[in-house]
Amino acid sequence: MTVLYWISTAMAQESAFYMPKAASTLAQDVDNTFSFIYWCCAVFFVVLMGAMFWFAVVYKDKGPDHKTLDLKGHHTLELVWSIFPTFLLIAMFVMGFTGYVNSTVSPADAVQVNIVAKRWDWSFVYPTLGGFESRDLVVPNQDAVRLQMVSQDVLHSFYIPDFRIKKDVLPNRYTSQWFETTDLYEAADDELFYSPNFNFSDAEESPSGSKVLFTSRGADVKSAVATQCAKDKEDNPELACESNPENVKVGLHQIFCTEYCGDSHSRMLAKVVVLSPENFELWVKAQNNFDAETAYAGDVAKLGEYYTSKGGCAGCHSVDGSAGTGPTWKGLYGKERQFADGSGTVADDNYIRMSVLEPAKQVVSGYPAAGMPVNLHKAFGKGKEEAGLAAIIEYIKTLK
Amino acid sequence: MSSENANQKHYHAFFFHTMDQQNSSHKLGMWAFLAQELLFFSGLFMAYIAMRYFYPDTFGEVQTRNLLSIPMGFTNTIVLLTSSLTMALAVREAQLIPVEENEESKKHRKRLIQLLVVTAALACVFLVIKYFEYSHKLHVGTLPGKFYHFAEWPIFTDTDGSILGAIRPDGSIDVTSAPHIFFSLYFVATGTHGLHVVIGVGVILWLALRAKRGEFNAEYHSAVENVGLYWHLVDLIWIFLFPLMYLVK
Amino acid sequence: MSAEATHDDSNYLNATSGFKSWFMTVDHKRLGIMYLATILTFFLIGGSFAMLVRYELLDAAPTLSASNYNKAFTLHGAIMVFLVLVPAIPASLGNFLIPLMLGAKDVAFPKLNRLSFHIYLFGALFFVTTLVLGGVDTGWTFYTPYSSKYGTNVITALAGAFILGFSSILTGLNFIVTIHKMRAPGMTWGKIPLFLWAMYATSLIQVLATPVIAVTLVLLVVERFMGIGIFDPALGGDPVLFQHFFWFYSHPVVYVMILPAFGIISETITIHSRKHIFGYTAIAGSSVAIAAVGFLVWGHHMFLSGQSETMGAIFSFITFGVAVPTAIKVCSWIATLYKGNIRWNTVMMYTLGFLWIFAIGGLTGLPLATLSTDVHLHDTYFVVAHFHYTMMGGVLFALITGIFHWWPKMTGKMFSEKAGVPVSIFAFLSYNLTFIPQFIAGHRGMPRRYHEYLPQFEEMMRLSSIGSFLFGLSLFGVLFVLIHSLLKGEKAPQNPWQGLSLEWETATPPIEHNFEGQPICTCGPYEFPDIDVKERVAAK
């Protein structure tokens, strides 16, 4: 048994073709458990199937007069193949149980991130670091991170394959899990990380031709870090940080929703961006200092784009004309709209205002009657609803 | 002799060798059926236990506010228990009907029919009392789920249809209080039970009809026995429902 | 007794004719045949939805709309589970064979049997209505709050499943009483064929577990319709409570599906290797053990649902417990082959195929039962592949094994081995091609129920889709072999496989009331090695 365990541990060090990279402290242990289980399975399978095929061939039909062995059972053999596997199963249980318990109790000093799931996007809030919200799960490398998760509507499930963690996200209470990254895995050039088209500025179209899923490699996080570093260097030129975004190292990992939640379930993606602890502090500082109005002063359309990203509108509305749960915004402004009740209007400022504040009032025919959440304008922040609406209208105007 | 054969041909199925085999098969079948009925109601009891665990105060408050009539529930319990008694007596009468047609058979058959009818009548009394209970609730608004609108213990419904809890006298929302859920359980459980009572009435009256046609005797009366078993289970379920819904604080 | 039974050529198939004589029959054999035909029809419909799903998944980019895809996978799952897999073997082969194997003239409650069939059709009608109305998209598991708040045509689908449940309960009830009370003289519990032990265990589950899904579906319908607040958190309920209710039935139901399959394999592996079953008591006992322990493991579908770690540990431990009796069976079957006289015919090909498929299915359950590894694999394609190997591969291959094995008995015709064997190999290979890539995709992180997936999974998904199209073709091949047999098959001898259980003692096809007199059981059903069948028949 020890030999098997040793072999499986050795095997688990390399990433197998069937396993994503092991990027968290838990992942290693889980992969060892996998290897142990699969070795046991492989041995049993080979023995059983080998015996089956061997018997089938060697004892092939020799005619009706051939007498077969009158064997009704064999107590010793039956005991062996009942009891021996039981020990292996107990071992599997123990390995699984201990690994699982480790994954549920987070270290006391973990960075807390609150995750809010809604149909169909994830948002990440950092309550202890300033209360700001982020579209990516940005975390410090080699530091424990605790996720406290809740849903605003139906069941979702938060899954990071590279970390081997997953937990359902419920609407009526918090669930939690934690992880700690082992290294900053810089992505290979052909590795892609997807999220719905929130980060428009650095989005590239997916190679599969999907018009909704866009890839990004954390360029906005990198630039936030670099910009903050540059700012800090103004006060303290000795600082050893990276002010060129190209040189900010990030680790990237894909996040999936794994509990069916409706139409855009397969688009409810996000990504983890791992930064070195120093860069992570810079990034936190940048988030806390970020003020949308200042950042996008002079470019109202860009501000509008930012707000739509915060509101998660891309989950249903595309900007490039492709079909989604809601109508596309491309070429929307000024177009005729046909509603489900037969009436119609031109998509002007008032129409957009009504769609955000009272989405169920008039639904374009052919689209689901209920679905658009009613309080998206909360993304604007208190007191900023009018400015936000105006910005969104300007942004939509630019989408011809 | 020939009438015996004619009867035998009528009630002894060809795929059973003996009446014994047939009767014991019928009985085992009914016990298996009752087992699954029990599991069906167990699901409802589990839902009750779960909701009681989440909202313990609500269940207590229903008693304090006297929203369920204990006298009516208690009367119903007595009514059902009595009907179980009359059913058991009916089974006894069926067992006593001799196979040949004579004075004794007529006497026992008459009693059998009477007892069956009394059982059905008592079940109807149960249903009538239930009708009064339900119509009162309809009137005051202690209804399940989103139909709940009892003015003296209001619940708060949000604009998107979600129910957040009961409203305290000072206007704040108590999320640990959920009377609409209690009444959901009440109606689903007693409603399902009531449905089984209605079905029971129908089956018992059908038995009475078959008895009138002379179909039962000492040799063949498994239908009466087995419906009796069903009826006792219906009674038993009420015996659990009554304290859980009406009496427990 | 039996050789003369067919002298007037009247059997259960031609004794009476006309639609009414079939639709209103109480004859368990005719009911079995009608169930088989209906189940295969729904298998075709459920399979078409599967093809739609796999067609969508050929490429990473979407072809169908998301809503249509979601309906496709939901309908595929719901139809396959409720309309096909649950009644697949019990209602068809079970109905046909149980009285014959027992030496009885019918089941204990033939009219109830007919009612079961009519209820099945009625429930199926609800599903067809759901289809016509535009389909349901909640996933066959109907998790709340999605199914209590969103989703389309949910109530019709739930009503259909509810009604079908009664068909299942009544069939199980019938079989329990039949097996208890109607055994031939001399047939003790230790002498009944293992198919009957399997059916008995299955029937216990059907009677005890199905009512729980019935009450769950009722509560969900009422939740959707009246907002009772049990399962929907927006109304004060708990979505995890729904999962407990749902899986309390839905785990035992997979044993309803697979135990009869085990029963069939016990029959075919013995007859076609001319050997006594290895470990009769172990196999019989393990069937009942699996049925019993199967009621205690439902939480292994919910390790990540937010239930406590302690509960997770308990369920994981007991799940390993249910693996042991299953392993015992597989080892016993393979040991049965030892020093046998193994026929390489169609039935044996499917039997061996079953053993391979179920070995993979069972073994891949182990990383799912293990808590820490399940965290990575839950709700990924690994699970999809696992349950297709056990439920679909296992049940389907066993069903096909059983159909071919008892085909002569049911129809009086033989089928072509020349066609049957190659088709079986084609089916086996394409089946594995379909689902092995799914294990790999799931391991790499591909989630379930994804309409549009990421390009890194495309290779495996494409292989799987191609495999599925080939597998579909192979099933048409099976159908072809069967239809060809009906039209052009040779007349079957009374006991083509030289079996010893009582169904082979009567005419082929059986007469209307199964046996002329009362058969008596003088020996066990697997005494192949020490009794030469020819000698025994001649001595009568």
Side-chain angles (χ1 to χ4, degrees), chain B residues 13-17 20-33 35-48 50-51 53-55 58 143-148 155 157-158 160-166 175-185 187-188 191-192, chain C residues 26 28 99 104-112 145 149 165-166 169-170 172-178 180-182 184-185 203-204 206-216 218-219 222-223 225-238 240-241 244-245 248-249 513-514 518:
Chain B
F14 73 90
F15 42 89
F16 287 115
H17 314 304
D20 229 8
Q21 189 192 30
Q22 176 172 310
N23 287 336
S24 72
S25 297
H26 285 187
K27 189 161 276 179
L28 181 61
M30 182 46 87
W31 278 109
F33 181 72
Q36 71 88 29
E37 286 284 298
L38 199 63
L39 271 144
F40 183 86
F41 278 97
S42 303
L44 292 176
F45 286 124
M46 278 296 122
Y48 175 93
M51 289 298 124
Y53 173 75
F54 288 128
Y55 303 105
T58 308
L143 293 174
K146 62 184 193 209
F147 294 113
Y148 180 91
I155 55 172
T157 311
D158 207 350
D160 63 354
S162 42
I163 297 174
L164 300 176
V175 297
T176 65
S177 182
H180 62 294
I181 293 182
F182 176 85
F183 285 100
S184 299
L185 285 169
F187 274 98
V188 174
T192 315
Chain C
V26 291
H28 67 98
K105 298 210 164 136
D106 208 317
V107 291
F109 307 115
K111 287 195 194 146
L112 201 68
K149 210 183 201 157
F166 281 109
I169 291 173
L170 295 176
L173 192 156
N174 225 332
F175 290 170
I176 290 176
V177 179
T178 308
H180 261 284
K181 299 286 179 185
M182 297 175 76
S203 304
L204 286 174
Q206 279 180 299
V207 168
L208 296 176
T210 318
V212 178
I213 194 72
V215 77
T216 310
V218 165
L219 286 173
V222 182
E223 176 76 86
F225 179 60
M226 286 207 280
I228 55 173
I230 309 271
F231 299 136
D232 190 343
L235 302 168
D238 183 18
V240 180
L241 185 65
H244 280 292
F245 267 84
F248 187 82
Y249 164 76
H513 289 165
N514 298 348
Q518 171 58 56

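Lettering of chains follows the sequences in order, A, B, ..., and the numbering in each one begins at 1.
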Problem set entry | Rounded distance (nearest 0.5 Å) linking atom CG of D238(C) with atom OH of Y53(B) | 10.0 Å
For this session: Select one option (side chain, backbone, both, neither) describing which atoms of Y148(B) are under 4.5 Å from chain C's heavy atoms.
Result: neither
Problem set entry | When S25(B), G43(B), G161(B) are compared by non-hydrogen pairs under 4.5 Å with chain C, the top option | S25(B)
Seminar exercise, completed: Output for pair (F33(B) CZ, L170(C) CG), nearest 0.5 Å, gives 7.5 Å
For this session: Please determine, among H513(C), Q206(C), H180(C), the option with the most heavy-atom pairs under 4.5 Å with chain B.
Result: H513(C)
Seminar exercise, completed: So, the part of V207(C) with a heavy atom under 4.5 Å from chain B: the answer is both
Exercise. Looking at A214(C), P233(C), P99(C), which one has more heavy-atom pairs under 4.5 Å with chain B than the rest?
Worked result: A214(C)
For this session: Could you look at H17(B) and say if it's the side chain, the backbone, both or neither that has a heavy atom under 4.5 Å from chain C?
Result: side chain
Problem set entry | Part of I230(C) lying under 4.5 Å from any heavy atom of chain B | both
Seminar exercise, completed: So, the part of F175(C) with a heavy atom under 4.5 Å from chain B: the answer is neither
Problem set entry | Partner chain B: residue of G172(C), A104(C), P110(C) with the largest heavy-atom pair count (under 4.5 Å) | P110(C)
For this session: Output the distance between atom CD (E37(B)) and atom CD1 (I169(C)), rounded to the nearest 0.5 Å.
Result: 8.5 Å
For this session: Could you tell me which portion of A178(B) (side chain, backbone, both or neither) has an atom closer than 4.5 angstrom to a non-hydrogen atom of chain C?
Result: neither
Exercise. Closest heavy-atom contact between S162(B) and A234(C)?
Worked result: CB-O, 3.1 Å
For this session: Can you measure from CD1 (I213(C)) to CG (L39(B)) and round to the nearest 0.5 angstrom?
Result: 13.0 Å
Problem set entry | Atom of G229(C), atom of M51(B) and distance for their closest heavy-atom approach | O-SD, 4.2 Å
Exercise. Quick one: CD1 on I228(C) to CZ on F187(B), what's the gap to the nearest 0.5 Å?
Worked result: 12.5 Å
Problem set entry | Segment of A108(C) engaging chain B (4.5 angstrom heavy-atom cut-off) | both
For this session: Search all heavy atoms of M46(B) against all heavy atoms of F245(C) and return the closest pair with its distance.
Result: CB-CZ, 4.0 Å
Exercise. Do the side chain of H180(B) and the main chain of L235(C) share a donor and acceptor less than 3.5 angstrom apart?
Worked result: yes
Problem set entry | Heavy-atom pair with the smallest gap, counting every atom of V218(C) and F40(B) | CG2-CZ, 4.5 Å
Problem set entry | Side chain, backbone, both or neither of L219(C) within contact of chain B (heavy atoms, under 4.5 Å) | side chain
For this session: With a 4.5 angstrom heavy-atom cut-off, could you sort out which part of L185(B) is near chain C: side chain, backbone, both or neither?
Result: side chain
Problem set entry | Spacing of F16(B) atom CZ and M182(C) atom CE [to the nearest 0.5 Å] | 4.5 Å
Problem set entry | Shortest non-hydrogen separation from L173(C) to A32(B) and the atoms involved | CG-CB, 3.8 Å
For this session: Grab the two heavy atoms, one from F147(B) and one from M226(C), that are nearest each other, plus how far apart they are.
Result: CE1-CG, 3.4 Å
Problem set entry | chain C interface, residue from V188(B), L44(B), D158(B), L38(B) that has the most non-hydrogen pairs under 4.5 Å | L44(B)
For this session: Name the member of G165(B), A35(B), A47(B), S42(B) that forms the most heavy-atom pairs with chain C at distances under 4.5 Å.
Result: A47(B)
For this session: With a 4.5 angstrom heavy-atom cut-off, could you sort out which part of F54(B) is near chain C: side chain, backbone, both or neither?
Result: side chain
